Student: 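Could you have a look at this structure, given as structure tokens, before my questions?
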Amino acid sequence: MPDEMDVVLSWSECKLQKGTNRLLEVTWRPAKEEVCRHKLVFCDGKQKNRNIFIIFRSVELTFQNLLGTVHREGGLLFSPDGNCLISTVGNRITIFDLKKNKSNTLPVESRYNYVALDINANGSALLAINEEGEAHIISLISFSIVHRHRFNGICRNVKFSPDGKHVAVCKGNNVLVFKAPGLVTGTHNAFEMERVFHGAYDETTCLNWSSDSKILAVGSKDMATKLYSFERFKNFRMYSLGSHTDEIVGCFFEQESYDLITISRNGQTCVWECTVKPGELEVLKDQAPAKKKKTSDDNEEDDVDITKSVEKTQEEVEESLKESPECKAEDNKLLYMRLARHYLADEVRKEHQEAVLTAAAYHPKARILVTGFSCGVFFIYETPDMNLIHSLSISEQKISSIALNQTGEWVALGCSGIGQLLVWEWQSETHVMKQQSHMLNITCLSYSSDGHIVATGGGDGKVKLWKVSSGFCFVTFSEHSSAVTALAFCASKNFIVSSSLDGTVRAFDITRYRNFKTFTSPRLVQFSCVSVDSSGEFVAAGGQDVFEIYLWSVKTGRLLEILSGHEGPVSSVVFSPGLTSTTMASVSWDKTLRTWDAIEKGSSHEVIELLAEGVFVTFNPNGVEVAVATLDGRISVFEIRTATQVASIEGRNDLGSGRSDNDLITAKKTLEAKCFSTLCYSADGAYILAAGQSKNVCIYSVKENLLVRKFEITQNRSLDAVDDYINRRKLTEFGNMALIEERELREGGNVAIKLPGVRSGEMSKRTLKPEVRVLSLQFSPTGQQWAAATTEGLLIYALNSGIVFDPWDLQADITPMGINNALKDQDYLNALIMAVKMNEANHIRQVIETIPVCDVELIVSSLGLQFIKRLLYIFASALDASKHVQFYLKWLKHIMTIHGSSLVQQGNKPALVAVLQSVERRNEQLSKMCDYNQYMTDYVRYSQKTVVKTLDEDHDEMNGKSDLDSEDEDAFMDNSVLD
């Protein structure tokens, strides 16, 4: 809302009695975060001002994190302190905190996938370049893009200079050097070009700065490494190093030296020694050459006195040449000499004949070289002799990126083919971090009952469990042999059920991490959906090739019932969330919604006719209504008890549809075949989330049957069907370039024809462009966030309300001054009630921390349940940030003791779950700290005992030696006396 805005409101006339109140609510969508208070002046027709209460509320769906994907094409790099790892994840960037074991995806999104990135010396700015040559300077303080620049071409590498003044970019066969913005250079103009180097004959692939930022080494596909000087020197110009027979993968300078190591794709490594040290480069000053004055005409002959001229000997000529300044400069000229050549691929090709070197990294201080190969093996060498220190095979796919931390102890390895990211401590041979995403798309997801864990199933047949708080996967189940189609968490027990196209339904224990039950059918069935009842006793699954629903017992694992009645593939099945209800709903392609009570009535059921084929069904959390998505793009809401339709939403136009590169029809025509493929109710049942084969997620109000919000999950143009129109640059006089057939050289050659019905892309092509879509949606039981399984991964969105001023039961005497006066008078109960009604977190925490510990129990017993519920959210946030852990835990103890039963009965589950998660996180942090302190104390105590023991032994040895010396002296004296 702007500072001043005229709003015209109209309403129907009505007579109000004296003393009645009316609430005027103004809703707006802010362009940015609003932090100021606004004033509203209300005037009626008679121009009389009236005082009214006004609530300003800004509710926005914000992106929180990206799970399910840890690394894709692009670079890896450590932060300057070495505690964080930065990875490119498609068109986003994720930062992994290796100390706190937490991942965070930046709220920055590019139009294409990132392929190169680097961080400046102080770690405040990150430069990332996407595959279309668009560069972003991202502030790691505000997590926003501060500068943009278009290179209009592919940039393969980017590197900041060690002094932080310059940044070099490899574009084509050129190297562009810009002045880095920041405090070091004193300029804030981004991408101010300083130099351009054109020496390479092919595309440049890698670059590296010397330690003094004066020389730049650039490797390219022309099998040569070029050295350029940023300034002009007398004894150095552009230098070229050869000796390689394949493209250069890496070139690395030594610490405080110009010595160089170059490595090529076929494993050849050359060690070069420089004749000049960093301090011996002489800067060339631009001086105009002095003109010689003519003493006489040029035509006159020189008068030479032949009698006085003496011819110099050969030795005198050589000495004069050595003393000349030209010869001195020639002796100090920068030259390189190859010391050794090593063939690092020979050891790998003993087992993998076609292996090539794909990535390399070097640590100049520790003098270790790490090389990664296409077969998934990496080696660690000690330079310059290339002594093998360590080797390990991490996968069967190529290693695309390697990075070393500041100390050289941790090695980060990325495999983009399978989405694997590994941080390996090579000295102790232990994993610091090991994460791997699904090889294929995530097909389904499910939240645990407390919202702390989210499970994902993929087309690779794996089920992964992710911690929402940390963003890490902590267990992977790989028992399925085909794609996982559906997941369902048990609300009352710690297990999860998954269905797969391999004909099995499996139950996994999330406490012991094992597959404890496998449910099968009498004949092979491809299961397309699964659900578990609220008690955790029964599991139901529907088949897509056999039109039946199978019901098993979790305890015995026996098949209890085969529910038949559907005449088409069963697309979705779900149990009622009620604790005492065993009702089950299912939809099928036979245009019917069927409700079952198999536990009591067996196969008997009720049939509700639909207008189109059923695609998905979900229960309202109240257990009374179900929402059904049909093939015609509608969302229908039915009441189960009466089998009547209570709402209908036409959402096909809201879904939207992008146009694929290979589509022969427009996006508007394609939209006629689109529908919602997944639905989800919010935690309170007030909203429905719907998505399908598009980039949009729609949120509908159940009560009003209206679209509340529609937003895009991605703007990544590296995916297919994101834009509604084809770019005109791809259109020629012959039509769309993507539709032109690629034939063999001979006339009438073979044509690669795409198989009909293929959705995941043509795997035989060199470049695969997946299509954007949302495959699954689910709200967290806490009501604070929801997740979407998309082509890019698992997107987590938080429904955090950016509340500026949202009071509750506000009165005229409730002010900050009144709260402070109540605290001065030690009227703690009244001060806390006023603070809760004002609903300002800072005031509430101030009042709570002012109350003495001895008065906590009395105040908790005097508060009503409506105040206790609001305080629970304050305690949940305070436990994460405050140092007064024991103080807040005493508050929670008294609340649970006095009001625990009432809170559970009135359905305050989201608040209780939020408190439980905060306590668990705090417990985990403190337990790690306590364990570390205990181990350190034991170590110090043991070391002290060892030192004391060693000192005692030394003392005993000294005493023994002194006794021996005294005995020797006595014997000597006796001998002397005898003599």
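Here the structure is a predicted model, which is why all the values come from computation and not from measurement.
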Student: Measure the OG1-CG distance between T511 and N494 for me, rounded to the nearest 0.5 Å.
Tutor: 4.0 Å

Student: Using a 4.5 Å cut-off on heavy atoms from C-beta on, say whether the side chain of V463 contacts that of T456.
Tutor: no

Student: Quick one: OG1 on T850 to CG on D855, what's the gap to the nearest 0.5 Å?
Tutor: 12.0 Å

Student: Check E920 with K467, please: is the shortest side-chain N to carboxylate O separation under 4.0 Å?
Tutor: no

Student: Which heavy atom of A878 sits nearest a heavy atom of R845, and at what distance?
Tutor: CB-NE, 4.1 Å

Student: Quick check: do L832 and I848 have side-chain heavy atoms less than 4.5 Å from each other?
Tutor: yes

Student: Check the side chains of W786 and S780 for a donor-acceptor pair under 3.5 angstrom, ignoring hydrogens and angles.
Tutor: no

Student: Evaluate side chain to side chain contact (heavy atoms under 4.5 Å, CB included) for N101 paired with S470, printing each intermediate quantity in order.
Tutor: CA-CA 7 Å; N101 292 326; S470 65; 5.6 Å; no

Student: Should the pair F78 and W410 be assigned to parallel (<30°), tilted (30 to 60°) or perpendicular (>60°) ring geometry?
Tutor: tilted

Student: A side-chain contact here means heavy atoms from C-beta on lying under 4.5 Å apart; do R922 and V885 qualify?
Tutor: yes

Student: Aromatic rings F495 and F516: how do their planes relate, parallel, tilted or perpendicular, breaks at 30° and 60°?
Tutor: perpendicular

Student: Quick one: does I93's side chain get under 4.5 Å of S87's, heavy atoms only?
Tutor: no

Student: First locate atom CG of L689, then atom OH of Y797, and finally report the distance between them rounded to the nearest 0.5 Å.
Tutor: 11.0 Å

Student: Answer yes or no: is there a side-chain heavy-atom contact under 4.5 Å between N104 and T94?
Tutor: no

Student: With rounding to the nearest 0.5 Å, note down the distance linking CG in L871 to CG in L865.
Tutor: 11.5 Å

Student: Do Y681 and Q778 have side-chain N/O donor and acceptor atoms under 3.5 Å apart?
Tutor: no

Student: Show the numbers, then the answer: is there a side chain to side chain contact (heavy atoms under 4.5 Å, CB included) between F63 and R92?
Tutor: CA-CA 12 Å; F63 171 79; R92 296 182 183 270; 3.6 Å; yes

Student: Has D938 got a side-chain atom pairing as donor or acceptor with Y942's backbone, closer than 3.5 angstrom?
Tutor: no

Student: Would you say that F143 contacts I138 through its side chain, given a criterion of any heavy-atom pair below 4.5 Å between the two side chains?
Tutor: no

Student: Nearest 0.5 Å please: distance from the CD1 atom of I496 over to the CD1 atom of I453.
Tutor: 9.0 Å

Student: Could you grab the distance from atom CD of Q784 to atom CD of Q64, nearest 0.5 Å is fine?
Tutor: 10.0 Å

Student: Taking the six-membered ring for Trp, are F779 and Y447 ring centroids under 6.0 Å apart?
Tutor: no

Student: Among I510, D450, V497, exactly one meets side chain to side chain contact (heavy atoms under 4.5 Å, CB included) together with F489. Which residue is that?
Tutor: I510

